[in-house]
Amino acid sequence: MAGRLQGKVAVVTGAAPRGEGLGNGMATALLFAKEGAKVVLVNRSAERAEGLAKQIKDEGGEASVFAGDVARLDVAEAMADFAMKTYGRLDILHNNVGIGGPGTPETVTLETWNKVLEANLTTTMLCTKSCLPRMKEGGGGSIIMVSSIAGAVGLMGSAGAVAYATAKAGLHGFTMSVAADYATQNIRANCIIVGSVHTPMVAHLGAEARDRRKKMVPMQVEGTAWDIAHGAVYLASDESRWVTGVMLPIDGGLVALRAWPR
């Protein structure tokens, strides 16, 4: 089924991955375009985003690149203005910017803590703040947050990631607040909780870690960025017009299911 986002304009932040391979933002941007959306690709560096824009255009889609650091309010405002000036409306915001960082409360540095919270939480707030007035002008919209199982469950046996887990958990509260504040204005806010998907962000962990991550999933199958993208298309489309304030785990059952002793 094609054309599920026909006539809509989507902003995807963190659209192009920092490394080689298919990231969640990249897959989402590609699928948004295939479903008919005009996509604004937001990246700190334009180079990789330009490559993604070319791929989208080569496949018959429409995309433009906005380069800038959306951890700054003036840049986030300029991003929303760019979408309006380029395409005349703004219907979808997919908040995909995010980074990790090591450390338990005892070992995390203040620099890492601030950097991770800024990348995951502050960018989301500023982009949402900047896009909301444009969505109201257009009569509604869909805002999608991208969280992680690290913000939903405690992960034993892995290196400490207190800043990352805290930031991702913060996105859940942020989602609920936006959903509540704008429910009567036809603006929906939902959050995807990403499971152990293999993307460039975790590729450095190596083959052994990749196998362990797969085995901890109840379905015993590794997720891909396409799994996340398909969920994002649903939340961005009118098919989910009555869906807001939802935390949607896409994780092979990891959050919901537990092994039971037999």
Side-chain angles (χ1 to χ4, degrees), residues 10-19 23-26 28-29 40-49 65-83 90 92-134 143-152 154-155 158-179 181 189-194 197 199-204 228 232 247:
V11 171
V12 178
T13 68
R18 290 182 291 273
N24 293 328
M26 180 179 179
T28 297
V40 177
L41 307 171
V42 181
N43 251 50
R44 290 180 65 177
S45 170
E47 184 178 356
R48 287 190 179 276
V65 171
F66 178 86
D69 182 1
V70 291
R72 292 172 41 190
L73 178 57
D74 61 327
V75 176
E77 287 282 355
M79 173 202 74
D81 284 340
F82 175 82
L90 204 170
I92 302 158
L93 170 62
H94 187 76
N95 285 302
N96 185 68
V97 173
I99 62 171
T104 67
E106 292 181 285
T107 62
V108 67
T109 66
L110 186 58
E111 179 185 10
T112 295
W113 175 267
N114 289 337
K115 183 178 179 181
V116 171
L117 263 65
E118 179 184 74
N120 290 278
L121 267 178
T122 304
T123 61
T124 295
M125 187 276 289
L126 293 178
C127 290
T128 302
K129 178 184 181 71
S130 300
C131 290
L132 276 167
R134 282 75 175 184
I143 301 172
I144 303 167
M145 270 51 79
V146 179
S147 180
S148 163
I149 55 168
L155 298 176
S158 63
V162 66
Y164 182 71
T166 300
K168 291 305 188 183
L171 289 176
H172 303 175
F174 182 82
T175 300
M176 299 306 292
S177 181
V178 174
D181 288 337
N190 295 288
C191 183
I192 295 174
I193 300 176
V194 178
V197 171
T199 66
M201 186 175 177
V202 298
H204 69 281
I228 308 307
M247 306 293 127

Can you name the closest pair of heavy atoms from [X] and [Y] and give their distance?
{"X": "Ala71", "Y": "Leu126", "answer": "O-CD1, 3.2 Å"}
{"X": "Cys191", "Y": "Thr175", "answer": "CB-OG1, 3.5 Å"}
{"X": "Gly151", "Y": "Lys168", "answer": "CA-CB, 3.9 Å"}
{"X": "Cys127", "Y": "Thr13", "answer": "SG-CG2, 3.9 Å"}
{"X": "Gly100", "Y": "Tyr164", "answer": "CA-CD1, 3.8 Å"}
{"X": "Ala46", "Y": "Ala67", "answer": "CB-CB, 3.8 Å"}

Would you indicate whether the side-chain heavy atoms of [Y] and [X] approach each other to under 4.5 Å?
{"X": "Thr166", "Y": "Trp113", "answer": "yes"}
{"X": "Ile99", "Y": "Asn120", "answer": "yes"}
{"X": "Phe66", "Y": "Val11", "answer": "no"}

Handout entry: Test log, rule side chain to side chain contact (heavy atoms under 4.5 Å, CB included), inputs Met247 and Met176
Key = CA-CA 9 Å; Met247 306 293 127; Met176 299 306 292; 3.5 Å; yes

Exercise for the section: Return the set of residues passing salt bridge (charged side-chain N to carboxylate O under 4.0 Å, His left out) with Asp181 (not counting sequence neighbours), or none when no residue passes. Expected result: none

Fill in the blank from the handout: Taken in chain and number order and not counting sequence neighbours, the residues that satisfy salt bridge (charged side-chain N to carboxylate O under 4.0 Å, His left out) with Arg134 are Glu77, Asp81

Problem - Thr28 side-chain N/O to Asn24 backbone N/O, donor-acceptor pair under 3.5 Å - result: yes

Handout entry: Heavy-atom donor-acceptor pair, Asn96 side chain to Ala15 backbone, under 3.5 Å
Key = no

Practice task
Among Val70, Thr124, Val146, Thr122, find the residue that satisfies the side-chain contact (heavy atoms from CB on, under 4.5 Å) test when tested with Val97.
Solution key: Val70

